[in-house]
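Numbers restart at 1 for each chain; the letters A, B, ... are given by sequence-line order, proteins then strands. Atom set for the values below is all heavy atoms of this structure, side chains included, hydrogens, waters and symmetry mates excluded.
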There are 2 protein chains.
Amino acid sequence: MARPRKPLLSRERIVETASALVDSEGLDAVSTRRLAAELGVSGPSLYNHFRNKDEILDAVADALSARIDLSMFDEGDARGWSDALHDWAVSYRGVLTDHPNVVPVLARGPGRRPAGLRVADAVFGAMVRAGWPPAQATYIGALMRYFITGSALGSFARGFVDDRDAYDPADYPHLGQAHLLAERQEKVDEGAFETGLRALVDGLALQYETFGEKTQR
Amino acid sequence: MARPRKPLLSRERIVETASALVDSEGLDAVSTRRLAAELGVSGPSLYNHFRNKDEILDAVADALSARIDLSMFDEGDARGWSDALHDWAVSYRGVLTDHPNVVPVLARGPGRRPAGLRVADAVFGAMVRAGWPPAQATYIGALMRYFITGSALGSFARGFVDDRDAYDPADYPHLGQAHLLAERQEKVDEGAFETGLRALVDGLALQYETFGEKTQR
DNA sequence: ACCTGAACACCGTTCAAGT
DNA sequence: ACCTGAACACCGTTCAAGT
């Protein structure tokens, strides 16, 4: 076949197919050969469009980042900084839990991914505008990301085995119900996320007040 | 050589060597052949001691979990639940940041790893004893793990590229200093962790009070 | 029981060759 | 410019063979 008159591939088509493959079969299923086969093409062809496999996965992750709602950080938005932070976190987590297999890639950080950088930029900018000192605003961006990606990555509930015998009461006196975690997974992870998010935002609000007092003296 | 009179390998020796290899060269460096070579043995030998590579990595992760301080959850300990939670988180994070390459394995959850289960058991037990309802105690164990593994996994600062030109002010108006994040990595990640941890614990304390009021009525 | 080499079915990536 | 097959240096895992 050699070179066709119309290109068979495009970065978009590769990213779309890779995304679908990660979602349906997991990160490990995305090999260059498998992905190429899915695209009706041979393995090395991908290297005409991406420098390497990591760049493909980065593009998949960035497409996800682009879907995180940032409108709550707009200047015109009436929400206070803490409500904005809360709503952003919910949107962020929603995107991740819809595509849990991509989370390990996203957890590597924004790197040079444009959408990832836009997210960091929006949060940092909004916190500074709300009166947080730059160092604290940086911390807030970081710690929110810790919590959100942590919650999407390590589904707490799925981390436990669905096997009563795995939890000998002599060894783990308080884990008698742990085998039920697996089936209640969604509920547990959602409850833990909401509880943690509220605690985080409330706790930050406390620090914000103290900091406000300090600067007034 | 075939079978030696004295076994060349043991689970302990394999786990120790694997741990050292992950720490020094990263998770990707641990292939069965490479690890076997490091042990002076051929690749398939490992399968006499572990069912597969994942079990080796699980053992490496569990050795780490075993080093997390849990003494603050002892019945005799005078700390309140929130101080205990705080101190445990600090110890947990310390173990992880000493061995950042293992974090992705640990983030998979306790599974059947004994030390991982002991950690979950201790936290849950202590929170219930402090008066938290079981459902909330489960949430607390989960959300703390989200935050701690999230912070160890995705070093926020290292996630940014150390290159001024990566942050065009037209695209990212607030990221003018982002290229400095890489060199300040430790400080930023530590500050974010401490800020977030305090917020989390303070926020939980607020919820604890409200819940206490409710049950008194 | 515990090690070996050979083998199977894979990887990511490079590169010369084709149009 | 964009695709191909062949090749290189790897993988994880199985298995018969050896003591």
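In this structure a side-chain-to-backbone donor-acceptor pair under 3.5 Å is missing from A/Glu25 to A/Leu21. Distance alone, capped at 3.5 Å, is enough to place a donor-acceptor pair between the B/Arg13 side chain and the B/Leu8 backbone. The backbone N or O of A/Val30 sits less than 3.5 Å from a side-chain atom of A/Lys53, completing a donor-acceptor pair. Counting only distance, with no hydrogens or angles, the side chain of B/Asp69 and the backbone of B/Ser91 share no donor-acceptor pair below 3.5 Å.
Between A/Tyr47 and A/Asn52, the side chains place no donor N or O within less than 3.5 Å of an acceptor N or O (distance only, hydrogens not considered).
Contact check of residues 53-64 of chain B against DNA chain D (heavy atom, cut-off under 4.0 Å) returns B/Lys53. Across residues 17-31 of chain B, B/Val30, B/Ser31 each have a non-hydrogen atom less than 4.0 Å from an atom of DNA chain D (numbered order).
Ion pairing between a basic and an acidic side chain is recognised when a charged N comes within 4.0 Å of a carboxylate O; A/Arg108 and A/Asp58 show such pairing. Using a cut-off of 4.0 Å between Lys/Arg side-chain N and Asp/Glu carboxylate O, B/Arg198 and B/Glu194 are scored as not salt-bridged. Note on A/Asp87 versus A/Arg79: salt bridge recorded, some NZ/NE/NH1/NH2 to OD/OE distance being below 4.0 Å.
When the side-chain nitrogen and oxygen atoms of B/His49 are compared with OP1 and OP2 of C/dA1, none of them lie within a distance under 4.0 Å. OP1 or OP2 of D/dG12 sits under 4.0 Å from a side-chain N or O of B/Thr32. Not one side-chain nitrogen or oxygen of A/Ser42 sits closer than 4.0 Å to the OP1 or OP2 atom of D/dC3.
For the P atoms, the distance from C/dA9 to D/dA9 is 22 Å, rounded to whole Å.
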Would you write the dot-bracket representation of DNA chain C, where each base gets (, ), [, ], | or . depending on whether it forms a Watson-Crick or G-U pair under 3.5 Å and with which partner? ||.|||||...|||||.||
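Dense packing is recorded around CZ of A/Arg129, with more than 12 heavy atoms of other residues, nucleotides or ligands lying under 6.0 Å away.
Comparing B/Arg33 and A/Leu9 against DNA chain D, the residue whose closest nucleotide sits nearer the 5' end is A/Leu9.
Within the 6.0 Å centre-distance limit, the rings of A/Phe147 and A/Phe193 are counted as a close aromatic pair.
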